[in-house]
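Hydrogens, waters and symmetry mates are skipped; everything else that's a heavy atom, side chains included, is used.
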Amino acid sequence: MASYLEIILGLAAACLALYYYFIWNFNFWKSRGIPGPKPIPMFGNVLAPMIGTVSLAQFLTDLYMKYRNEPMIGIFARRTPILIVQDPDIIKDVLIKDFSKFANRGFMKHEIAEPLSQHLFSLEAERWRPLRTQLSPVFTSGKLKGTFTLILDCATHLEKYLNTLVEKGEPIEIRELAAQYTTDVIGSCAFGIDMNSLSEKESKFREVGRHIFATNLTALVKFRIKECLPLLYDLFGYVMTMDKAMTFIKDVTIDTIEYRKKNNIVRPDFMNTLMELRNHPERVSDIQLTDTILAAQAYVFFAAGFETSSTTIANTLYELALNQDIQDKLREEIREFDAKNNGEWKYEAVKQMTYLDKVFRETLRKYPPLPFLSREATENYTFENPKLTVRKHDKVWIPLFSIHRDPAIYPNPEKFDPERFSEEAVKSRHPMHYIPFGDGPRNCIGARFAVYQTKIGLITIIRNFKCDVSEKTEIPFEFDPLAFIMCPKNGLYIKITKIDS
């Protein structure tokens, strides 16, 4: 009898200890005077986003609206305290003014389980800074002009392929179409490879891209283990084979570098920059430039480069199908510039298209690629108003989707209105109220490239094709609650027809 009692008491003590383990720091924000919702054991405040009943964007927006007059909110991601910053001046401090104190993004790297996670997006400041310096020249205006013709070639393939799809007379899943186009652009401009995604035959690169952003059960379980049990996930890395997408990109990167070196091939692209780094490791003396580190940079350029731009193209076409007056006005500008340049598009011409730019920016206002920006304190830091000290390694989130949908900043935020980005309207807003690419030194390195591949894709489609809603168009569409990049849950279908030139 005594032994049973001891077992019961032991189990009770273990349960009690486990309970306190999950709640011991739940007084963290309250003791610092920062408001926020009450957390629950094990999950903190993120149960709904974790199980996929609510998207992270909607979760953050609900919080934002509930605490809209607060400059900061305190929440918990399981046991980890997260500071959500809503005041634009404080956001500017974090991203720009005191950037050096928040130079890390705060995303975990798994160098054993996921060797290619050591890329610019997730690297800590010590390794990020020298790599960013060396890779930034790839995305200058001068280099973009050099790759502009490559983007135009991919756009030509897009137009031809779209013609074949239009002839079938069926609604087109525009997110997949746009992803095929941007995959080809990244292949040509970064790897120097003709990926041939714009065809009926499945491209290996497109297959890999689809795998990277999959939201199936296997991908979800893997992500939750990585998120909740990072040490266990790292241990798995010693027995698991590397993810097939990472393996493919690593092999392609190293094979391309070796082939170019052997055949003395020089191209003004991202791969050539990686070759230069490999040949001159002294330029980043604080980093051991392994093949894995180099391949990791190609991996993130490929993944982020095709997915964010293709989603933006698809979202723009969706809104144009819903707003025919905007579509007509955009087509008028496109054809005006087409005639002015005798059908020969140049880098400078795209830059001069003011209405296209408004449409593009309004799309990113309504549909930013990520629901929030993440930063991590690199040292203890004290905010002045309100007075709050965050510790080294504390996480800060900036809810950019919620800011972009705030009716006090953007009246009637669900309405698609490019005139929000007239010169006068932009000047009237705080610059931190529009940050789709982030801001400060750690903004999106490929933003300029993304802008141009997206705009060329839109020009190609809108110039000679009309977009309409179809019986398969979901209005409004639902965001996939399990996706990392904000995207539709059920695809994005519209009707596209050829129009006279």
Among side-chain atoms of R68 and Q86, is any donor-acceptor pair under 3.5 angstrom?
no
Can K346 be said to sit on top of F148's aromatic six-ring, NZ or CZ under 6.0 Å from centre and within 45° of the ring axis?
no
Quiz question: by atom type and distance under 3.5 Å, do the side chains of D62 and Q58 form a donor-acceptor pair?
yes
So, for F107 and W128, is the gap between ring centers shorter than 6.0 Å?
no
Is it true that S122 and S117 share a donor-acceptor pair across their side chains at a distance under 3.5 Å?
no
When the ring centroid of F383 is compared with that of Y381, is the distance short of 6.0 Å?
yes
Donor on one side chain, acceptor on other, H211 and D243, under 3.5 Å:
yes
Tell me whether the guanidinium CZ or amine NZ of R429 lies under 6.0 angstrom from the six-membered ring centre of Y434 and within 45° of its axis.
no
Using a 6.0 Å cut-off, check whether atom NZ of K489 has over 12 heavy atoms from anything other than its own residue.
no
For the pair S309 and T182, evaluate side chain to side chain donor-acceptor pair (under 3.5 Å) and give the outcome as yes or no after the intermediate values.
CA-CA 7 Å; S309 292; T182 55; over 6 Å; no
Verify whether one side chain among D406 and H433 offers a donor that lies under 3.5 Å from an acceptor in the other.
no
Can you tell me if K395 has over 12 outside heavy atoms packed within less than 6.0 Å of its NZ?
yes
Decide side-chain contact (heavy atoms from CB on, under 4.5 Å) for T253 and F302; before the verdict, give the C-alpha distance in whole Å, the side-chain angles of both, and the deciding distance to 0.1 Å.
CA-CA 11 Å; T253 301; F302 169 71; over 6 Å; no
Report yes if the side chains of L492 and N315 come closer than 4.5 Å at any heavy-atom pair, otherwise no.
yes
Distance-only polar pair, side chains of T389 and T382, donor-acceptor under 3.5 Å:
yes
Regarding Y367 and E319, is there a side-chain donor-to-acceptor distance under 3.5 Å anywhere?
yes
With a distance cut-off below 6.0 Å to the six-membered ring centre and an angular limit of 45° from the axis, does K455 pair with F360 as a cation-pi contact?
yes
F401 and T61 have their tightest heavy-atom pair at CD2-OG1, 3.3 Å
Do the two ring centres, one from F449 and one from F301, sit under 6.0 Å apart?
yes
Do R361 and Y410 meet the cation-pi criteria used here (NZ or CZ under 6.0 Å from the six-membered ring centre, within 45° of the axis)?
no
Do E376 and K392 meet the salt-bridge criterion of a basic N to acidic O distance under 4.0 Å?
no
Any cation-pi pair here, R210 with F213, using under 6.0 Å and within 45°?
no
